[in-house]
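Take a look at the structure below.
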Amino acid sequence: MYRIAMMVLRLFLKAPIYFIQIWWCGRKKGITMEEAYACVKKVTIAANRAGKVKIESHGEENIPKQNGFIFFPNHQGLYDVLAFLESCPVPFAFVIKKEARNVILLKQVVDALGSISIDREDIRQSMKVIQQVAEEVRGGKNFLIFAEGTRSREGNKVLDFKGGSFKSAVKARCPIVPCALINSFKPFDEKSIKPVTVKIIYLPPLYFDEYKGMRTVEIAAEVRRRIEEAIIREQ
């Protein structure tokens, strides 16, 4: 959390302005997803610079040209979404656990991007979220889902991916984009403010024709395998 404090201190004068801008994007009617995303992206880049975090991004050419897909990365830490917000050239929303929904600033980002919170202990609410994500993806919105369900807490080790996390993709029949995060645990989970580089790799997508005959647990295992191989290659 030392780096978060450094970000706030170095952006002390601009932080209230950034907060209001993001809050306004979530409140004002008529704000497009592209406009809200551009605002959040601008603030993210400023925060990363203030926190001495460099994003090294690869494989943007693998991101589908047509909107209506889901990113599935490994989950390393609290910083993960910020790596995507700086590097990803197309707008996306994300699914966030209920416990983090009301964290200051994160709440405003969730509202601005139309992201969705999920209560993993409430099966009925979880099913509604799965259906909502599927419908919005079919309508051309992009999402990010952490299929591990919780952050690894073991550095670059990838935990098992949960099959249920892929139900929205199957329902939407959309492209699944595996993404490998490397050293994303370092910015916020290590007690250091030294400059750090986070690497993100957008891997070739799985299209519906490729996974339509697979069970969700098989899809989960395949996506995990591709991510783990990418991480091993880069280390």
Discussion item. Heavy-atom count check: over 12 atoms from other residues, nucleotides or ligands less than 6.0 Å from K41 NZ?
Written reply: yes
Worksheet entry | Distance-only polar pair, side chains of Y79 and N183, donor-acceptor under 3.5 Å | no
Discussion item. Are more than 12 heavy atoms, taken from residues, nucleotides or ligands other than K162, located less than 6.0 Å from that residue's NZ atom?
Written reply: no
Worksheet, complete the sentence: Tested for side chain to side chain contact (heavy atoms under 4.5 Å, CB included) against V158, the lone hit among E229, R224, H75, Q76 is R224
Worksheet item: Thinking salt bridges, do R225 and E228 make one under a 4.0 Å N-O criterion?
Response: no
Worksheet entry | Residue from M6, K52, M7 passing side chain to side chain contact (heavy atoms under 4.5 Å, CB included) with I193 | M6
Worksheet item: Should we say atom CD of E34 is surrounded by more than 12 heavy atoms from elsewhere, each under 6.0 Å from it?
Response: yes
Worksheet entry | By salt bridge (Lys or Arg N to Asp or Glu O under 4.0 Å) - contacts of D122 (at least two apart) | none
Worksheet entry | salt bridge (Lys or Arg N to Asp or Glu O under 4.0 Å): pairs with one or both residues in residues 2-31, sequence neighbours excluded | none
Worksheet item: In terms of side-chain geometry, is the basic nitrogen of R49 or E86 positioned less than 4.0 Å from the acidic oxygen of its partner?
Response: yes
Item to complete: Name all residues meeting the salt bridge (Lys or Arg N to Asp or Glu O under 4.0 Å) criterion together with E210; count only those two or more places apart in sequence or in a different chain, and write none if there are none.
Response: R226
Worksheet item: With a cut-off of 6.0 Å (strictly less than), are more than 12 heavy atoms of other residues, nucleotides or ligands near OH of Y2?
Response: no
Discussion item. Atom CD1 of residue position I123 - does it have more than 12 heavy atoms of other residues, nucleotides or ligands inside 6.0 Å?
Written reply: no
Worksheet item: Looking at CD1 of I201 and CD of E60, how far apart are the two atoms once the value is rounded to the nearest 0.5 Å?
Response: 10.5 Å
Worksheet item: Is it the case that more than 12 heavy atoms not belonging to K199 sit under 6.0 Å from its NZ atom?
Response: yes
